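The block underneath contains the structure these notes are about, expressed in structure tokens.
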Amino acid sequence: MAAIRFNDINASQVWAKLHQHQRATRYVAMRELFEADPQRFERFSLKLDGLLLDYSKNRISERTLELLLELADVADLSGWMARMRAGERINVSENRAVLHTALRLPKDAVLEVEGRNIVADVHEELARIRDFSRRVRSGLWRGHDGRAVTDVVNLGIGGSDLGPLLATEALAPYAQGGPRLHYVSNVDPAHLARTLARLDPATTLFIIASKSFTTPETLLNAQAARRWFVERVSEAAIDKHFVAVSTNEAAVAGFGIDAANRFGFWDWVGGRYSVWSTVGLSVMLAVGPECFDELLAGAHAMDEHFFNAPFQVNMPVLLALIGIWYNTFYGAHTHAIMPYDHGLRRLPAHIQQLDMESNGKRVGRYGERLDFDTGPVIWGEEGVNSQHAFFQLLHQGTRLVPCDFIVPMQGHYDASQHQVLVANAFAQTEALMRGKTGTEAMAELAGMDGEVLDMLAPQKTFPGNQPSNTLALDKVTPHSLGMLLALYEHKVFVQGAIWGLNSFDQWGVEYGKALARTILPELNPGKNVGVHDSSTTGLISHYRQLHEH
Ligand SMILES: O=P(O)(O)OC[C@H]1O[C@H](O)[C@H](O)[C@@H](O)[C@@H]1O
């Protein structure tokens, strides 16, 4: 089928067919689909290495998938995949290639982009952070007074914080004597102050992680950390305690960091896709280069699967299509992510940035206004805790909330207690799917007085039909974590490609940066306040009044 040149995917026949199909099937209960087909799990699940994707608890049939796969063809998904993989400048608004997949290519691979084998560049920087990490972890790298590093503070925000923080926490069981890691992202001085209060400058290493090296939050924290260090030690010792990860060589030098202490990457790595680059230095320091290599290998295994598996057995493609089914055709506004693993508790935050910054767009890649809903609101919390917080709404609220359950089959700690975690996850997906009918609720209340029964039965009824995917990892290892994160990256890519938008810019965030710049000087008593709405003006003067006394 010929690809659509301009983004009128919603004018395609298959788009209309999907709407029609949704209208015709929307009242089908998943529990009936399971009853009618004992093979449903086998037909709607996939395995890849240590990862099982069960997507059978969705409001889908073979026909639904057939139509969704047709949609992927009409949107020229395979063309967009090939363009990304080859390094074409598909991030059109910033005129950049999108090559985070190149960061996990093995050393002997070759990827020529605009006349240069970028795999060699990638492995050169990787070798540098491996060498640095080994020296720090083994104690060869010493602070100004000869002591080894015990604590590392990563100063970064957004993609320069969330991915590394998540990976460090998820892989904590692999740390084996590495330094303690701390992540400071917020410009709220409390974040840095509380972290530094526990640290000894002589045994602390700071990583300033900023792709652009212009992000105000990170630079303010970096300057404050530098002041804290210089006051307690000396300017001359900075070289032993500050390193930077950035694409901006000049700004790093301007900050006073030696070229030997700068680890680079490239403009074709988006911030939210950068944990695989030298931005992952903090992860490598925490768990060691061998584990980091395994993380990369896991992501590469997912890349190979994504680029090569037929779409009907392709995990990221299926997750993306099912997401589009609810988002676009059911009008579901949100998507919840529940990791049943304490180490993965920051996964929802990472996916939130990955997905919402990538696909939170109302304009297509050609600049045209999109006439349909795009990226959903991503939210979530670690499993079990979330059951005691917001699952009530999932079970009995009025909203359709598609969910992902991420469940390791094996934990790193007490096995029998871990089993309770797994049982909870499975039980929730079952209950959300099955629900409890009015008749079932009545049967449970048998023997009760009629009026009480009429009042109670509806309240003890659960509509069910709440869809979920379960991602069952054998265990959270560097390899399976790499696979999991790459799976979500590609899911987001597929959705963006089908909706026809550029998943790789973030003008809304850039706009936010400019806004604070205007108001900051106006907060100072005596300074002119420009024209704002009465609310903003009122808030500014409220602040000033409090600071005048
Ligand atoms: O790494 P930096 O250049 O400091 O950017 C940090 C973050 O800044 C903004 O929030 C961008 O939208 C993110 O994508 C980016 O990860």
Side-chain angles (χ1 to χ4, degrees), residues 90-100 103 125 129 153-168 183-188 191-192 206-226 242-255 257 262-283 346-363 374-375 378 485 488-489 492-493 496 501-517:
I90 59 169
N91 175 357
V92 284
S93 71
E94 295 180 308
N95 190 28
R96 288 176 180 165
V98 175
L99 279 168
H100 46 278
L103 298 170
E125 283 308 291
I129 57 168
V153 184
N154 187 81
L155 304 166
I157 197 164
S160 299
D161 169 65
L162 289 165
L165 167 59
L166 162 66
T168 299
Y183 287 84
V184 174
S185 51
N186 200 330
V187 75
D188 181 341
H191 200 174
L192 184 67
F206 291 94
I207 304 173
I208 310 171
S210 176
K211 176 181 169 184
S212 59
F213 226 77
T214 59
T215 306
E217 292 86 343
T218 301
L219 292 188
L220 279 169
N221 277 330
Q223 278 145 7
R226 191 181 198 280
F242 280 78
V243 300
V245 173
S246 184
T247 57
N248 189 342
E249 223 172 307
V252 172
F255 189 86
I257 288 185
R262 182 189 76 95
F263 303 102
F265 62 113
W266 305 270
D267 74 356
W268 40 258
V269 182
R272 49 197 178 271
Y273 303 87
S274 65
V275 64
W276 322 100
S277 71
T278 50
V279 168
L281 172 61
S282 56
V283 184
R346 296 296 286 159
L347 183 72
H350 173 69
I351 306 297
Q352 210 167 46
Q353 187 202 14
L354 174 67
D355 199 321
M356 294 172 78
E357 202 164 89
S358 297
N359 289 343
K361 314 276 163 75
R362 61 203 296 116
V363 168
T374 58
I378 302 287
L485 300 187
Y488 276 103
E489 288 179 352
V492 167
F493 171 79
L501 47 84
N502 176 5
S503 298
F504 302 101
D505 58 10
Q506 58 284 315
W507 297 109
V509 186
E510 313 292 342
Y511 179 56
K513 290 186 192 174
L515 292 180
R517 247 179 266 146

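Order of listing sets the numbers, starting from 1, for every ligand and every atom in it. Throughout, numbering of the chain's residues begins at 1 and tracks the sequence. Computed from a predicted model, the values in this text were never measured in an experiment.
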For T215, the ligand 1 atoms whose distance to one of its heavy atoms is below 4.0 Å: 2 (P), 3 (O), 4 (O), 5 (O)
- prompt: Does an N or O anywhere in V509 fall below 3.5 Å from an N or O of ligand 1?
  reply: no
- prompt: By number and element, which atoms of ligand 1 are closer than 4.0 Å to a non-hydrogen atom of G159?
  reply: 15 (C), 16 (O)
- prompt: So, the side chain of K361 versus the backbone of N502: is there a donor-acceptor pair under 3.5 Å, distance only?
  reply: yes
task: Considering heavy atoms of the protein only, find what lies nearest to atom 6 (C) of ligand 1 and give residue, atom and distance to 0.1 Å.
output: I157 O, 3.1 Å
query: Ignoring hydrogens and geometry, is there a side-chain-to-backbone donor-acceptor pair from S274 to V269 under 3.5 Å?
result: no
- line: Given the options T278, T218, V252, I208, S246 meets side-chain contact (heavy atoms from CB on, under 4.5 Å) only with V252
- request: Would you tell me which option among E357, K513, Q506, K211 has the nearest heavy-atom contact to atom 14 (O) of ligand 1?
  value: E357
field: Qualifying residue for side-chain hydrogen bond (donor to acceptor under 3.5 Å, both in side chains) with R272, from Q506, Q353, H350
entry: Q506
- request: Give a yes/no on ligand 1: does E510 have at least one heavy atom closer than 4.0 angstrom to it?
  value: no
message: Given the ring of F255, does R226 sit roughly above its face, with NZ or CZ under 6.0 Å from the centre of the six-membered ring and within 45° of the axis?
response: yes
message: Out of all atoms in ligand 1, which are within 4.0 Å of some heavy atom of S212? Include the element for each.
response: 2 (P), 3 (O), 4 (O)
- request: Identify the residue among T374, N91, N359 that makes a side-chain hydrogen bond (donor to acceptor under 3.5 Å, both in side chains) with S503.
  value: N359
- prompt: Would you say T218 and ligand 1 have an N/O pair spaced under 3.5 Å apart?
  reply: no
statement: Under 4.0 Å from one or more heavy atoms of Q353, ligand 1 contributes atoms 13 (C), 14 (O), 16 (O)
- prompt: Any sub-3.5 Å donor-acceptor pair from H191's side-chain atoms to N186's backbone N or O?
  reply: yes
